[in-house]
Amino acid sequence: MKIIVIMIFIVCGLALVSAYIIRKKLHIWLPAYCINLLYFFYNLISGNNSNSQPNHICVLFVDHFELNGQLHRQQAWFERYADLAKQHTDADGCYPKHTFFYALDLLHEEELAPLQKLVEAGHGEVELHWHHGHQTEQSFNQTLSEVMPIFQSYGFMKPYKTEQRACFAFIHGNWSLDNSRGNEFCGLNNEIDLLKQWGCYADFTFPALFQAAQPAYINCIRYAKDDAQPKSYRKAREAEVGKKSDVNEFMIFQGPLTINWFDWRHKWHPTFEDADIHTHATHADPKRIEAWLRQKIHVKGRPEWQFVKLFCHGAQDYASVVGPATHEMWNYLEKNYNDGTKYVLHYVTAREAYNIVRAAEDGLTGNPNQYRDYVIPHPNQRK
C-alpha cells in the first residue's frame, strides 16, 4: 500500500513539473541546456577547459530603451548615468558602454540630443528597438522611411556604404522577431529579409525566457536565413572561425540562458538565469555574475574571446540599472576578471561585439580590442 501511495505522489509530482515546464515554454530550450551541461562536465573532467591564453571577457549591455517622454526617466539617464560610468574602466581604458536600443514606436525627438551627448562622450551607442503588430511590408518600409532620417540627423544608425539606407542592430519588441509570436506582435514572416534590406546587421533580442519566440539553441552566436515562415531563425548555423557569413545570413546574437543551481531565490526551484537586469537590483550578486560567465558564449574555434550580453528595460527600471547595484557589478567584474593574465575585461557596444565576432570568423587572434571597428565603423566615423 505504501508503495502505491509513493508511486502516486511521484506521478503527480512529475505531472506538475511537466505542466510547469510546458506552461513556461521551458521545453523549447531545456534539451539544449542538458546537452550543454554534459559538454561542460566532460570538458571539466577531461581538462579541456584549460587555456594558456588569457580569456578576453567582452561585456555588452543592451537596453530595450523606452523613455517615452517621461522626465524622471530622462533625468536618471541624462544626469546620473555618465557620473556612474566614469567611475569604471576596462583593460582598454574604456568606460562601461551602454547600447541604447531606442524604441521607434515611442519616439520623442527631444530625447535624442541628450543621447547624442552620451554617445560622443564614449558612454554607448544608439540602435533600433521596435514594438509593432499586424505589420505589412508596406507599412514597415513606410515607417522606417519616415523615422530613419530623424535618427540619422542626430548621428544614429547612419550608413557607412553608399548603397545603404541605414546601418543598425535590432531588438524586437515583445520578443516577436520574424512573427515568432504571431501577427499581434509582428505580422511579418519575412522580417529578417526586410531588416537586412534596410541595413540591419544583427539581432540582439534573445534570450526570451518563458516566450515561444526563444529558439531551441542557447548560449551561442548563430546565423539564420529567412525562409518566409514565422520564426525563420529556429534553424541557424553556429558562427565559427574560418566560415564567413553569406549575404543571405543574419546574425542572431544571444545572451546567457541557463539554470543557476547556486541561486535558489525562488525557494522551490533554482533560478532561471537570462541576464535580465530588472527592477529587483540583484545583478551585483556574484552567484548571478558567475552564472553569466560560465556560459562562455563565443565563436566556435575562438573560445578565449567570450561574450556576456546583459539586457534590461533601463528606462523603466532606472532605479536599479542607474544605481548602486550596477556600480557593484562593474566593481566585481573589474576586480575578478581583469587581472591581465588569466582574464582581460572589455566593455563593448553591440556593434563592437559584432565586429569582434566577424574578426574571429576571419581567423584573427590576440586582443579583441583591436577589432572594435573591424567591419562597421563608429557612428561618428561614418560619412
(message) Please say yes or no: joined through hydrophobic side-chain contacts below 4.5 Å, possibly via intermediate residues, are Ile297 and Trp305 part of one cluster?
(response) yes
(message) Could you check whether Arg351 pairs with Glu125 (Lys NZ or Arg NE/NH1/NH2 to Asp/Glu carboxylate O, under 4.0 Å)?
(response) yes
(request) Could you tell me whether Arg358 and Glu361 have a side-chain N and a carboxylate O separated by less than 4.0 Å? (result) yes
(request) Could you grab the distance from atom NE2 of His129 to atom OH of Tyr102, nearest 0.5 Å is fine? (result) 11.5 Å
(request) Following the transitive rule for hydrophobic clusters with a side-chain heavy-atom cut-off under 4.5 Å over Ile, Leu, Val, Met, Phe, Trp and Tyr, establish whether Val62 and Val126 coincide in one cluster. (result) no
(request) With Phe100 as reference, evaluate Phe156, Trp77, Tyr154, Phe151 under the ring-ring contact (aromatic ring centres under 6.0 Å, His included) test and give the passing residue. (result) Trp77
(message) Which label fits His132 and Phe140: parallel for a plane angle under 30°, tilted from 30 to 60°, or perpendicular past 60°?
(response) perpendicular
(request) Check the angle between the aromatic planes of Phe311 and His64 and answer parallel, tilted or perpendicular using the 30° and 60° thresholds. (result) tilted
(message) Could you measure the distance from the CD1 atom of Ile35 to the CD1 atom of Ile218? Nearest 0.5 Å is fine.
(response) 9.5 Å
(message) Using a 3.5 Å distance criterion without hydrogens, assess whether the side chain of Asn338 forms a donor-acceptor pair with backbone atoms of Leu345.
(response) yes
(message) If hydrophobic clusters are built by linking Ile, Leu, Val, Met, Phe, Trp and Tyr wherever their side-chain heavy atoms come under 4.5 Å apart, do Tyr217 and Ile21 end up in the same one?
(response) no
(request) Indicate whether any N or O donor in one side chain lies under 3.5 Å from an N or O acceptor in the other, for Asn189 and Asn179. (result) yes
(request) Please check if the side chain of Glu127 supplies one atom and the backbone of Met157 the other of a donor-acceptor pair under 3.5 Å. (result) no
(request) Answer yes or no: is there a side-chain heavy-atom contact under 4.5 Å between Asp276 and Leu209? (result) no
(request) Look at the aromatic rings of Tyr332 and Tyr337 and report parallel, tilted or perpendicular, splitting at 30° and 60°. (result) tilted
(request) Give a yes/no verdict on a cation-pi contact between Lys25 and Phe210, requiring under 6.0 Å between NZ or CZ and the six-membered ring centre and an angle within 45° of the axis. (result) no
(message) Quick test of your reading of the model: are Arg372 and Asp92 salt-bridged, counting only N-O distances below 4.0 Å?
(response) yes
(message) Strictly distance-based, threshold 3.5 Å: is any side-chain N or O of Asn355 a donor or acceptor partner for the main-chain N or O of Val375?
(response) yes
(message) Looking only at the side chains, is there a donor atom on one of Asn260 and Glu273 sitting less than 3.5 Å from an acceptor on the other?
(response) no
(message) Can a donor-acceptor pair be found, under 3.5 Å and without considering hydrogens, that links the side chain of Ser139 to the backbone of Gln135?
(response) no
(request) Answer yes or no: are there more than 12 heavy-atom neighbours, outside Gln138 itself, under 6.0 Å from its atom CD? (result) no
(request) Work out which heavy atom in Cys58 is nearest to a heavy atom in Ile356; give both atom names and the distance. (result) SG-CD1, 4.2 Å
(message) Can a side-chain donor-acceptor contact be found between Glu352 and His346 if the only test is distance below 3.5 angstrom?
(response) no
(message) Any side-chain to backbone donor/acceptor pair from Gln381 onto His378? Under 3.5 Å, distance only.
(response) no
(message) Looking at Asp63 and Gly314, would you say the former's side chain and the latter's main chain have a donor-acceptor pair under 3.5 Å?
(response) yes
(message) Can you give me the closest heavy-atom contact between Glu66 and Ala103, atom names plus distance?
(response) CG-CB, 3.8 Å
(request) Please assess His283 against Trp292 for the test side-chain contact (heavy atoms from CB on, under 4.5 Å), listing each intermediate value before the final yes or no. (result) CA-CA 11 Å; His283 48 289; Trp292 307 334; 4.0 Å; yes
(message) Is it the case that the side chains of Thr205 and Asp203 hold a donor-acceptor pair, with the cut-off being a distance below 3.5 Å and no angle test?
(response) yes
(message) For Ile252 and Tyr223: C-alpha separation, side-chain torsions, deciding distance, then whether side-chain contact (heavy atoms from CB on, under 4.5 Å) applies.
(response) CA-CA 6 Å; Ile252 305 294; Tyr223 284 96; over 6 Å; no
(message) Phe253 and ring-ring contact (aromatic ring centres under 6.0 Å, His included): which single residue from Phe204, Phe170, Tyr354 fits?
(response) Phe204
(message) Taking atom NZ as the centre, does Lys196 end up with more than 12 heavy-atom neighbours from other residues, nucleotides or ligands that are less than 6.0 angstrom away?
(response) yes
(request) Taking all non-hydrogen atoms of both residues into account, name the closest pair between Val344 and Pro54 and its distance. (result) CG2-CB, 4.1 Å
(request) Group every Ile, Leu, Val, Met, Phe, Trp and Tyr by side-chain heavy-atom contacts under 4.5 Å, then state whether Tyr201 and Trp198 land in the same group. (result) no
(request) Could you tell me whether Asp193 and Lys225 have a side-chain N and a carboxylate O separated by less than 4.0 Å? (result) no
(request) Report the residues that fulfil ring pair (Phe, Tyr, Trp, His ring centres under 6.0 Å) with His280, sequence neighbours left out, ordered by chain and then residue number. (result) His278
(request) Mind checking the CG-CG spacing from Asp90 to Leu333? Nearest 0.5 Å is all I need. (result) 11.0 Å
(request) Look at the side chain of Thr349 and the backbone N and O of Lys97, then say whether any donor-acceptor pair between them is shorter than 3.5 Å. (result) no
(request) Measure from the side-chain N and O atoms of Asn248 to the backbone N and O of Asp226, and report whether any donor-acceptor pair falls under 3.5 Å. (result) no
(message) Please find the pair of heavy atoms, one from Gln164 and one from Pro159, that lie closest to each other, and give the distance.
(response) CB-CB, 3.4 Å
(request) State whether the side chain of Arg234 and the backbone N or O of Lys231 hold a donor-acceptor pair below 3.5 Å, judged by distance alone. (result) yes
(message) With a 4.0 Å cut-off on N to O distance, would you call Glu304 and Arg302 a salt bridge?
(response) yes
(request) Can you see which heavy atom on Ala85 is nearest to which on Pro96, and at what distance? (result) O-CD, 3.4 Å
(message) Walk me through whether Cys312 and Val321 qualify under side-chain contact (heavy atoms from CB on, under 4.5 Å).
(response) CA-CA 8 Å; Cys312 65; Val321 180; 4.0 Å; yes
(request) Measure the spacing between CG of Leu128 and CG of Leu144 and express it to the nearest 0.5 Å. (result) 6.5 Å
(message) Quick one, His313 with Thr279, criterion side-chain contact (heavy atoms from CB on, under 4.5 Å). Give me CA distance, side-chain angles, the key distance, then yes/no.
(response) CA-CA 9 Å; His313 289 76; Thr279 187; over 6 Å; no
(request) Kindly say whether the aromatic ring centers of His172 and Phe185 come within a distance under 6.0 Å. (result) no
(message) If only side-chain N and O atoms count, and only distance matters, is there a donor-acceptor pair under 3.5 Å linking Asn380 with Glu120?
(response) no
(request) Scan side-chain atoms only and decide if Asp178 and Ser232 contain a donor-acceptor pair under the 3.5 Å cut-off. (result) yes
(request) Would you name the heavy atoms of Gly69 and Gln74 that are closest together and state the gap between them? (result) C-NE2, 3.5 Å
(request) To the nearest 0.5 Å, tell me how far Glu111 CD sits from Leu71 CG. (result) 9.0 Å
(message) Please report the interatomic distance CD(Gln214) to CH2(Trp175), rounded to the nearest 0.5 Å.
(response) 9.5 Å
(message) Would the distance check show the side chain of Asp362 and the main-chain N or O of Leu364 forming a donor-acceptor pair, the cut-off being under 3.5 Å?
(response) no
(request) Establish, from distance only, whether the side-chain atoms of Thr258 and Arg294 form a donor-acceptor pair under 3.5 Å. (result) no
(request) Verify the cluster assignment for Val308 and Tyr347: are they in a single hydrophobic cluster under the rule of side-chain heavy atoms below 4.5 Å apart? (result) yes
